[in-house]
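So that the names make sense, note that chain A is the first sequence line, chain B the second, and so on, each numbered from 1. From a predicted model like this one, the values you see are computed outputs, not experimental measurements. FYI, side chains are in, hydrogens and waters are out, and symmetry mates aren't considered; it's all heavy atoms of this structure.
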There are 2 protein chains.
Amino acid sequence: MNDTCIRVDEPLIEQMAQNLPDEQTINRMSAIFQALQSDTRLKIMSLLSQKEMCVCEFDCALDVTQSAISHSLRTLRQLDLVRVKKQGRFAIYYLADDHVKILIDLCNKHVTECSA
Amino acid sequence: MNDTCIRVDEPLIEQMAQNLPDEQTINRMSAIFQALQSDTRLKIMSLLSQKEMCVCEFDCALDVTQSAISHSLRTLRQLDLVRVKKQGRFAIYYLADDHVKILIDLCNKHVTECSA
DNA sequence: TGAATATATGAACACCTGTTCATGTATTAA
DNA sequence: TTAATACATGAACAGGTGTTCATATATTCA
């Protein structure tokens with residue numbers, strides 16, 4: 001297929017393409033969605049929207065190894081979706097900000113409303 | 001590691017685990033985030049939030065093959081994130097609803113605000 | 001000090017994803 | 001009818017992801 005069909009207004013499309021978020025922004029957005037695409041990490045985020053938690057508590061609530069939880073938390077940490085504070089030998093995790101909570105809630109709402 | 005540490009209030013954690021969205025909801029949510037995790041699909045969604053488009057127009061705006069675009073659109077269609085209407089030989093794609101647009105905007109906002 | 005607890009991390013492996021290539025189908029135009 | 005156009009789809013392959021296992025580190029307690 002060539003790059004143009006009868007419907008394509010090339011200058012317009014090119015301008016729209018330039019209105020796209022820049023590559024760096026796209027990358028960071030896709031990284032966030034990528035992080036939220038795992039069942040385990042979604043559950044972690046959902047739990048954290050109820051209260052802050054240490055790794056043990058996740059271990060008790062979820063059905064994966066402690067190692068898997070730590071790996072998941074690292075991913076979320078690196079994207080600044082969650083943060084840690086150390087309390088003695090415990091690592092207490094909490095949501096980085098409300099944006100993320102809203103993201104999760106919005107998606108949940110979309111899914112449950114649209115399947116109802 | 002055992003399933004309990006000194007911090008764990010087991011009945012509470014178990015109740016929190018039950019408050020989690022059910023498996024089906026979690027699966028649908030992760031499927032949506034999974035779909036939005038690809039640069040190409042994110043760009044498609046961003047373009048669609050500007051105006052409805054046919055496949056040719058995506059082909060003109062994006063730097064991947066028409067095949068890749070069709071595959072991406074199928075993924076988005078199957079999750080009801082976008083919809084199609086046929087107009088002669090053209091397939092016109094548009095966002096399924098506003099939830100999704102808000103999701104994208106919110107994530108974009110998060111990324112650009114937090115990196116500023 | 002030494003043992004137990006809480007968490008992190010590297011390696012490895014099975015699985016999944018996104019792309020391209022090749023090709024198929026449907027619609028229009030000549 | 002034939003050729004061209006617009007789009008869809010299956011196969012296949014490279015690259016990435018999530019999990020577990022084994023192990024390391026850091027903190028507390030005896």
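- Side-chain atoms of Thr25(B) and Asp22(B) include a donor-acceptor pair closer than 3.5 Å.
- To the nearest angstrom, P of dT5(D) lies 11 Å from CZ of Phe90(B).
- Residues Val82(B) and Phe90(B) are members of separate hydrophobic clusters, defined by side-chain heavy-atom contacts under 4.5 angstrom among Ile, Leu, Val, Met, Phe, Trp and Tyr.
- Below the 3.5 angstrom threshold, one finds no donor paired with an acceptor across the side chain of Gln66(B) and the base of dA6(D).
- Atom CG in Leu73(A) sits about 17 Å away from atom C1' in dT17(D), given to the nearest Å.
- Across all strands shown, Ile6(A) has heavy atoms under 4.0 Å from sugar-phosphate atoms exclusively, and none from any base.
- If you take CD1 of Ile69(B) and P of dC7(D), they are 10 Å apart, rounded to a whole angstrom.
- To the nearest 0.5 angstrom, Asn108(B) atom CG is 10.5 Å from Leu20(A) atom CG.
- We find that CD of Glu57(B) is positioned 15 Å from C1' of dT5(D), with the value rounded to whole Å.
- Atom CG of Asp63(B) and atom P of dT19(C) are 11 Å apart (whole Å).
- For Ser38(B), counting side-chain heavy atoms from C-beta on, the closest listed nucleotide (dA8(C), dG18(C), dT19(D)) is dG18(C).
- Annotation: of the two residues near DNA chain D, Val84(B) and Thr65(A), the 5′-most nearest-nucleotide partner is Val84(B).
- For dC29(D), the OP1/OP2 oxygens have no side-chain nitrogen or oxygen of Arg89(A) closer than 4.0 Å.
- Ala68(A) comes within 4.0 angstrom of a nucleotide base, judged by non-hydrogen atoms across all strands.
- When distances run from any side-chain atom of Arg41(A) to the nucleotides dT19(C), dT17(D), dA6(C), the shortest one goes to dT17(D).
- Distance, Ile92(A) CD1 to dT7(C) C1': 12 Å, rounded to whole Å.
- The salt bridge (charged side-chain N to carboxylate O under 4.0 Å, His left out) with Lys101(A) is formed by just one residue from the set Asp105(A), Asp98(A), Asp97(A); it is Asp105(A).
- Of the side-chain N and O atoms in Ser72(A), one or more sit less than 4.0 angstrom from OP1 or OP2 of dT19(D).
- Heavy atoms of Gln87(A) sit nowhere under 4.0 angstrom from any nucleic acid atom.
- Residue Asp39(A) contributes atom CG, which lies 13 Å from atom C1' of dC16(C) at whole-angstrom precision.
- Under the 4.5 Å side-chain heavy-atom criterion for ILVMFWY residues, a single connected hydrophobic cluster contains both Phe58(B) and Leu12(A).
- Residue side chain Ser67(A) reaches the base of dT9(C) through a donor-acceptor N/O pair under 3.5 Å, judged by distance alone.
- In this structure, Arg7(A) reaches neither bases nor backbone, as no heavy-atom distance under 4.0 Å exists between it and the strands shown.
- Atoms CD1 (Ile44(A)) and P (dG18(D)) sit 11 Å apart, rounded to a whole Å.
- No side-chain donor-acceptor contact under 3.5 Å links Ser46(A) and Gln50(A).
- An OP1 or OP2 oxygen of dG16(D) is reached within less than 4.0 angstrom by no side-chain nitrogen or oxygen of Gln37(A).
- For Tyr93(A), the listed nucleotide lying nearest its side chain is dA8(C); candidates were dA11(D), dG18(C), dA8(C).
- Look at His71(A) and the base of dT9(C); the rings stack, centres closer than 5.5 Å and planes less than 30° apart.
- For Arg77(B), a side-chain nitrogen or oxygen approaches OP1 or OP2 of dA8(D) to under 4.0 Å.
- OP1 or OP2 of dT19(C) has not a single side-chain nitrogen or oxygen of Ser70(B) nearer than 4.0 Å.
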